[in-house]
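All heavy atoms count here, side chains included; hydrogens, waters and symmetry mates do not. Order of listing sets the numbers, starting from 1, for every ligand and every atom in it.
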Amino acid sequence: MELDKMDENDWKYHGEGNKSLVVSHIQVSQLVLRLLKYPAEDSENPPQTAEQAFRQIQNIVDFSSNVMSSLLGEKFIHSGEVVKLPLEFVRQLSIKVQHQRPVWRCDKVMDIYSGCALCLPNLTSPPLHQPTHTPPLCIEIKVRLIMALFKCLFFLFSNVTVALALFQGRGGKHSVLIKNMQKDHFLNLSGGQCIYSSKEGGDDSMDLNSLLNNLRPYLQSGNNRINNHMSSKPVLNDFIQVLANALLSEGGDGGVVMDRQEEGRSFCEASVFNKERIHHGAQGLPSDSVLFRILQTQMLDTLDIEGLYPLYRRVEQHLQDFPKERTRLQIDGPYNEAFLEKLQKCPSEDDGSVEYAAAKVHQYRVSMTAKDCSIMVALVPRNEEEEDFLSSRPPAFSYSVSILDLDPKPFDSIPRQLRLDQKIVSCYLRTGGALPKGSLPPLPGIFTAGENEDCRLLFHPV
Ligand SMILES: O=P(O)(O)O[C@@H]1[C@@H](OP(=O)(O)O)[C@H](OP(=O)(O)O)[C@H](O)[C@H](OP(=O)(O)O)[C@H]1OP(=O)(O)O
Ligand SMILES: Nc1ncnc2c1ncn2[C@@H]1O[C@H](COP(=O)(O)OP(=O)(O)OP(=O)(O)O)[C@@H](O)[C@H]1O
């Protein structure tokens, strides 16, 4: 990428979240740029200088590469690098992508003032072995939330959202869905075609059929492939199994997903949802799988928000008295090895010190990041000429598993977490356990549990 020759026509809208917007390169399919967003009311007066924006993105890179990578496993992490882009390019890009942005995300605008962005590999287009005729199938899962489809993994997470992205064609023809199940959010990437949704009041079964029709060519094998027939249930079951196998596999990149039942450890084994499993947390998950690593990192919050808040207040009070201590305590970074050491070597007993309190807050913030990240799984059917592809069921896939959105959560976000938690608890007490439609998702510490298809809330000791 030649930074002095940037042309907005080489880039297209890819997706966005709450605080960043992502564009992907049209020709160089392995590249994306992630740009910061500001509240729309700040569009005339950017809330930070170019230097501060650069620092913010460098902090994101450092936090990912020095802290989260060590906790989650390097093989799953792509931290990227900060780039400085020509301002005119960024302005033109912002105009170009505007009409593709979902309306409900337009309360924020793309940062067109700093010229800073994060350059990352495109995780929906991973360099997986030899090219095949069939394009990669990408599934993005926001781990905080998990959908009923994945109820086998229920015990890991606290709510229900999944984003599924089906990409057809590496260069040009795309069929894409990214869907937030809970809020009915769509992110249609350029030229995207929705293959699955569960719109409120919409015809879910039709959408599920659309998903199944798109999945069928990936999952038909052996006789089914020749006869071009495979009924819906096995398609969905196979899809879940292939996806679960990738999530439970111990390789990060470029592994091969086969049916794990043959290895004596099946997906269903992990699906048993019972009190034992909740109490033992990670038991049953392969120790180097992405799910295990994320769960371990989520469990750094040994205190719940109510237990943490007094420690946060201790640090806050100390900073009011000694503002310069902010740097020594690494409240806003730098996110280096010393920061990691602080949270890893935090004593188990409170000695009343501000260092202890700061380390607990650091741990909590890291845990929050691990609860809010996403997993991207890219699957490519293995060479269709190979014997095992034709005979195995479900067919074998090459895969890559990555974790995205590992930004540090600000120190100042703690009081907001407490308010959210209090709202949820009062809602729980008011409704006797049933969340009203459209309400906030439960926070960590509250599980949406499913047994025999029905959902209820359980308080989970953390
Ligand atoms: O605060 P919450 O619980 O609403 O969570 C925010 C998420 O909302 P949702 O999970 O959809 O309700 C929100 O997700 P959305 O993409 O907006 O759905 C973000 O993940 C946000 O993180 P950040 O501010 O971008 O670092 C999340 O904020 P943090 O609380 O993790 O800082
Ligand atoms: N490296 C990448 N490769 C491919 N797609 C990506 C990449 N990074 C982000 N995306 C896409 O862009 C979307 C927004 O990115 P991201 O989740 O990092 O934004 P965010 O604003 O931090 O989100 P959140 O609202 O969860 O905080 C993702 O959901 C994903 O679909």
Filtering E16, M376, Q30 for the heavy atom nearest atom 14 (C) of ligand 2 leaves E16
Check: Y364 ring centroid to Y312 ring centroid under 6.0 Å: no
For the CG atom of L93 and the CD atom of Q98, what is their distance to the nearest 0.5 Å? 11.0 Å
Atoms in ligand 1 flagged as close to D372, the criterion being non-hydrogen separation under 4.0 Å: 19 (C), 20 (O), 21 (C), 22 (O), 27 (C), 31 (O)
Under a 4.0 angstrom heavy-atom cut-off, which atoms of ligand 2 come close to V22? 9 (C), 12 (O), 15 (O)
Show the nearest heavy-atom pair for residues A370 and Q298, with the distance to one decimal. O-NE2, 3.1 Å
Numbered in order shown, the ligand 2 atoms found under 4.0 Å of a heavy atom of N122 are 3 (N), 4 (C)
For ligand 1, indicate whether the residue L420 contacts it via side chain, backbone, both or neither (heavy-atom separation under 4.0 Å). side chain
Looking at ligand 2, does any of its N/O atoms fall within less than 3.5 Å of an N/O of S374? no
Using the side chain to side chain donor-acceptor pair (under 3.5 Å) criterion, which residues pair with D407? Sequence neighbours excluded. K19, R34
For atom 22 (O) of ligand 1, which of E16, K409, K19 has the closest heavy atom? K409
Below 4.0 Å, non-hydrogen atoms only: which portion of R105 touches ligand 1? Side chain, backbone, both or neither. side chain
Ion pair present between D372 and K409, side-chain N to carboxylate O less than 4.0 angstrom? yes
Within a reach of under 6.0 Å around CD of E337, are more than 12 heavy atoms found that belong to other residues, nucleotides or ligands? no
For K75 and D288, what are the C-alpha separation, side-chain angles and deciding distance, and is it a salt bridge (Lys or Arg N to Asp or Glu O under 4.0 Å)? CA-CA 10 Å; K75 63 188 174 194; D288 217 11; 2.9 Å; yes
Pairs of nitrogen or oxygen atoms closer than 3.5 Å, one from R34 and one from ligand 2: do any exist? yes
Do T369 and F63 have side chains that get closer than 4.5 Å, going by heavy atoms? yes
Please determine whether any non-hydrogen atom of P121 lies less than 4.0 Å from an atom of ligand 2. yes
May I ask you to check if ligand 1 and D405 share an N or O to N or O distance below 3.5 Å? no
Please list, in number order, the atoms of ligand 2 under 4.0 Å from a heavy atom of V32. 1 (N), 2 (C)
Check Q417 against ligand 1 and report side chain, backbone, both or neither, counting heavy atoms closer than 4.0 Å. side chain
Contact (N/O only, under 3.5 Å) between S20 and ligand 2: yes
Heavy-atom closest pair, residues L87 and S114: CD2-C, 4.0 Å
